2 protein chains.
Amino acid sequence: MNIPMKPELEQILLSRKIQPTAMRLLVLEELSRVNMAVSLNELEASFDKADRVTLYRSLKTFRKHKLVHSIEDGSGSLKYALCEEDCECKPEELHAHFHCNKCNATFCLKDYHLPVSGLPRRFVLEEMNLVLKGLCDACSA
Amino acid sequence: MNIPMKPELEQILLSRKIQPTAMRLLVLEELSRVNMAVSLNELEASFDKADRVTLYRSLKTFRKHKLVHSIEDGSGSLKYALCEEDCECKPEELHAHFHCNKCNATFCLKDYHLPVSGLPRRFVLEEMNLVLKGLCDACSA
DNA sequence: TGTACTTTGCAACCCGGTTGCAGTTCTTGT
DNA sequence: ACAAGAACTGCAACCGGGTTGCAAAGTACA
């Protein structure tokens, strides 16, 4: 009873050592499709019959295996976006995100780079979370 | 840090057009004392008998009048810190924060300013939230 | 002092995130 | 192919931060 699977998606999961179940393939497909950071709720809404907890655990697994990164954009819910292919989620690899205060969308600003220097002595940097907020192009008209 | 005395605290509130009630004076005093970004829970814990909602509303009022700014440090709860004297919370005035993954403390990095350029066309910047995470000086030993 | 407005405290609610557990599906060794 | 064990899924329920409604207490001011 093999469900027809998109081989390329399956390959992505396998390359991250994630067991490619039907649910996970659907989640990965949806994340690729929207090309944006989405919350658990938004993800749930894009499926007809998906259990919230299963989606939650899928994302958790993805994050653990560095297939997605999570962003706290201040909307009240964590959002998730696909990592670049070779991403290991180190500080130098992190990029900024833009959160639209009107439509609540969150974009990855892959070209917005951050200064990683200027920390006080003996502070050790492990991660960063930069969110710019305002109006996106569609909402600023 | 220099902790202002009662009359000065009252003056601070008045200058921000906030009615100086007993509760608000206590909250402001505590915020000055700790000199750090604190969550609602932490604030509540530093008083013997204080209603959570009252503290919440005090902070909300403070924020509305730009006496405090709030930071989403990813700890799961919003944190609040006193603004500089003439702060109007515009993007150019915002500074970064450092969140310690070990002791959960959050510091204002008042000298760490952010580039406000590099946004895609027609994106309008209103606020920013930059949190560096890692180990603070006390925890990195 | 009386009246209108503001603040406070309590209870209760909402919602995102999370866990426990039982049933199902998948992997692995034979 | 099959059984045993591991991993995954779905449901219910819990947790904790944030928030609101409302009545009581406090405050401003004529």
Side-chain angles (χ1 to χ4, degrees), chain A residues 1-5 9-10 13-14 16-30 37-65 67-81 99 104 106 129 131, chain B residues 9-10 13-14 16-30 37-65 67-80 99 104 106 129 131:
Chain A
M1 53 167 299
N2 253 351
I3 300 162
M5 295 168 174
L9 294 175
E10 187 169 341
L13 292 181
L14 289 173
R16 295 284 186 174
K17 306 232 183 344
I18 301 169
Q19 199 169 302
T21 67
M23 204 62 234
R24 287 172 182 170
L25 284 166
L26 287 174
V27 171
L28 175 56
E29 186 178 31
E30 178 64 14
V38 295
S39 68
L40 182 54
N41 276 347
E42 290 162 353
L43 190 62
E44 189 182 12
S46 63
F47 294 107
D48 274 344
K49 58 106 208 146
D51 182 53
R52 182 182 169 68
V53 179
T54 302
L55 295 176
Y56 166 73
R57 284 196 263 233
S58 294
L59 291 171
K60 200 171 160 187
T61 301
F62 285 7
R63 188 172 46 179
K64 188 169 125 200
H65 289 78
L67 178 55
V68 303
H69 56 275
S70 54
I71 309 109
E72 301 135 12
D73 65 4
S75 64
S77 46
L78 257 188
K79 294 199 176 164
Y80 303 84
H99 176 246
N104 199 35
T106 295
N129 189 68
V131 180
Chain B
L9 294 175
E10 189 167 339
L13 291 181
L14 290 172
R16 294 284 187 174
K17 306 234 186 333
I18 301 169
Q19 199 168 302
T21 67
M23 203 63 233
R24 287 171 181 169
L25 284 167
L26 287 175
V27 172
L28 175 56
E29 187 178 29
E30 178 64 14
V38 294
S39 68
L40 182 53
N41 275 347
E42 289 162 354
L43 191 60
E44 189 182 13
S46 64
F47 293 106
D48 272 345
K49 154 204 146 21
D51 182 53
R52 181 181 169 69
V53 179
T54 301
L55 297 175
Y56 165 74
R57 286 197 263 235
S58 294
L59 292 171
K60 199 172 161 188
T61 301
F62 286 6
R63 188 172 45 179
K64 187 169 126 199
H65 289 79
L67 178 55
V68 303
H69 56 276
S70 54
I71 309 108
E72 301 135 12
D73 66 2
S75 65
S77 45
L78 258 187
K79 294 199 177 165
Y80 303 85
H99 177 247
N104 199 34
T106 295
N129 189 68
V131 180

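First the proteins, then the strands, lettered A, B, ... as listed; each starts at 1. In this text the structure is predicted, and so the values were computed from the model without any measurement.
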Does [X] reach the side chain of [Y], with side-chain heavy atoms less than 4.5 Å apart?
{"X": "B:Leu40", "Y": "B:Leu78", "result": "no"}
{"X": "B:Asp51", "Y": "B:Arg57", "result": "no"}
{"X": "B:Phe62", "Y": "B:Leu13", "result": "yes"}
{"X": "B:Ser46", "Y": "B:Leu43", "result": "yes"}

In whole angstrom, give the distance that lies between atom [atom1] of [X] and atom [atom2] of [N].
{"X": "B:Glu42", "N": "D:dG18", "atom1": "CD", "atom2": "P", "result": "11 Å"}
{"X": "B:Asn104", "N": "D:dG16", "atom1": "CG", "atom2": "C1'", "result": "14 Å"}
{"X": "B:Lys17", "N": "D:dA28", "atom1": "NZ", "atom2": "P", "result": "16 Å"}
{"X": "A:Ile18", "N": "D:dA6", "atom1": "CD1", "atom2": "C1'", "result": "18 Å"}
{"X": "A:Lys64", "N": "D:dA7", "atom1": "NZ", "atom2": "C1'", "result": "11 Å"}
{"X": "A:Glu72", "N": "D:dG18", "atom1": "CD", "atom2": "P", "result": "13 Å"}

Nearest heavy atoms of A:Glu10 and A:Leu25, plus distance in Å
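Shortest heavy-atom separation between A:Glu10 and A:Leu25 comes out as N-CD2, 3.6 Å.
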Start with the C-alpha distance between A:Asn41 and A:Ser39, add both sets of side-chain angles, then the distance that settles side chain to side chain donor-acceptor pair (under 3.5 Å), and finish with yes or no.
CA-CA 5 Å; A:Asn41 276 347; A:Ser39 68; 5.5 Å; no
Let me have a per-nucleotide readout for nucleotides 8-23 of chain C, 5' to 3', with B, S or -, counting only protein heavy atoms under 4.0 Å.
BBBB----BBBBB---
